[in-house]
Amino acid sequence: MQLRIRRASRGDLPAFLEAYREAYRGLEEYSYSSRRRIKAYLHWLITRDRDGVFVAEVGEKLAGFICTDSRWISDTGKAVGAVHELVVLPDYRRRGVARRLMEAGLNYLREKGCNTVELWVGVKNHSAIRFYESLGFEAGDVVGRWRRMLKTF
Ligand SMILES: CC(C)(COP(=O)(O)OP(=O)(O)OC[C@H]1O[C@@H](n2cnc3c(N)ncnc32)[C@H](O)[C@@H]1OP(=O)(O)O)[C@@H](O)C(=O)NCCC(=O)NCCS
């Protein structure tokens, strides 16, 4: 599989929308379902830190994307790097796509001087939790249906 990671542009948003809907099938508890909400969310993601958004492609096809943010202030008041979103389409899973996307995202956050990375994952989203643990993220507190996970460089 010839996988390419590149920076995203606004032109990627329609493909992100379709990928997001497909990737979160079965995980509706942790995702937006209306097209309008997803569109607004994706717009917010790409506006937060445009340079921190990366796309994974196999040929011309989108396999996944990641949205990181080097200017995030955690609810604890600490400046951290954030991974706001990570999506891999079902057809491309368990082939290291998310790992490659995270590599690009974490390198970017490190270059921007972030030494802690924070993300929130659904408490029952076991695949994603295992994935983050495999990259050295540690479980933090739980707020409602979300678990905080943290990695320090
Ligand atoms: C979580 C997600 C991004 C993982 O993507 P992926 O490309 O399949 O992950 P990778 O192939 O890079 O996995 C790397 C490692 O993570 C772990 N991992 C990934 N998926 C796993 C699963 N379903 N069960 C157990 N471990 C898993 C494994 O250690 C895996 O290595 P291995 O395949 O050699 O065993 C993908 O399942 C997804 O898009 N889920 C829906 C959206 C989502 O939950 N996003 C995260 C929101 S916080």
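Nothing fancy with the numbering, it's 1 onward along the sequence. Atoms within each ligand, like the ligands themselves, are counted from 1 in listed order. Below, each value reflects all heavy atoms present in this structure, side chains not excepted, and no hydrogens, waters or symmetry copies.
- Checked against side chain to side chain contact (heavy atoms under 4.5 Å, CB included), Ser34 has the following partners two or more places apart in sequence or in another chain: Arg36, Arg37.
- Using a 30° and 60° split on the angle between ring planes, Tyr20 and Tyr24 fall in the tilted class, from 30° to 60°.
- Using a cut-off of 4.0 Å between Lys/Arg side-chain N and Asp/Glu carboxylate O, Glu138 and Arg148 are scored as not salt-bridged.
- Legend: residues meeting side chain to side chain contact (heavy atoms under 4.5 Å, CB included) with Arg99, ordered by chain and number and at least two apart, are Phe131, Ser134, Leu135.
- Contacts of ligand 1 (protein heavy-atom distance under 4.0 Å) are Ala23, Tyr24, Leu27, Leu86, Val87, Val88, Arg93, Arg94, Arg95, Gly96, Val97, Ala98, Arg99, Trp120, Val121, Asn125, Ser127, Ala128, Arg130, Phe131, Tyr132, Ser134.
- Between the side chains of Ser33 and Glu28, no donor-acceptor pair is found at a separation under 3.5 Å.
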Return a table of donor-acceptor pairs under 3.5 angstrom between the side chains of residues 45-69 and protein atoms on other chains or two or more places apart.
unit_1 : atom_1 : unit_2 : atom_2 : d
Thr47  : OG1    : His43  : O      : 2.5
Arg48  : NE     : Asp69  : OD2    : 2.6
Arg48  : NH2    : Asp69  : OD2    : 3.1
Arg48  : NH2    : Arg71  : O      : 3.2
Asp49  : OD1    : Tyr108 : OH     : 2.8
Asp49  : OD2    : Ser70  : N      : 2.8
Asp49  : OD2    : Ser70  : OG     : 2.7
Asp49  : OD2    : Tyr108 : OH     : 3.0
Glu57  : OE1    : Arg4   : NH2    : 2.8
Glu57  : OE1    : Arg6   : NE     : 3.3
Glu57  : OE2    : Arg6   : NE     : 3.3
Glu57  : OE2    : Arg6   : NH2    : 2.9
Thr68  : OG1    : Gly52  : O      : 2.8
Asp69  : OD1    : Arg71  : N      : 2.9
Asp69  : OD2    : His84  : NE2    : 2.8

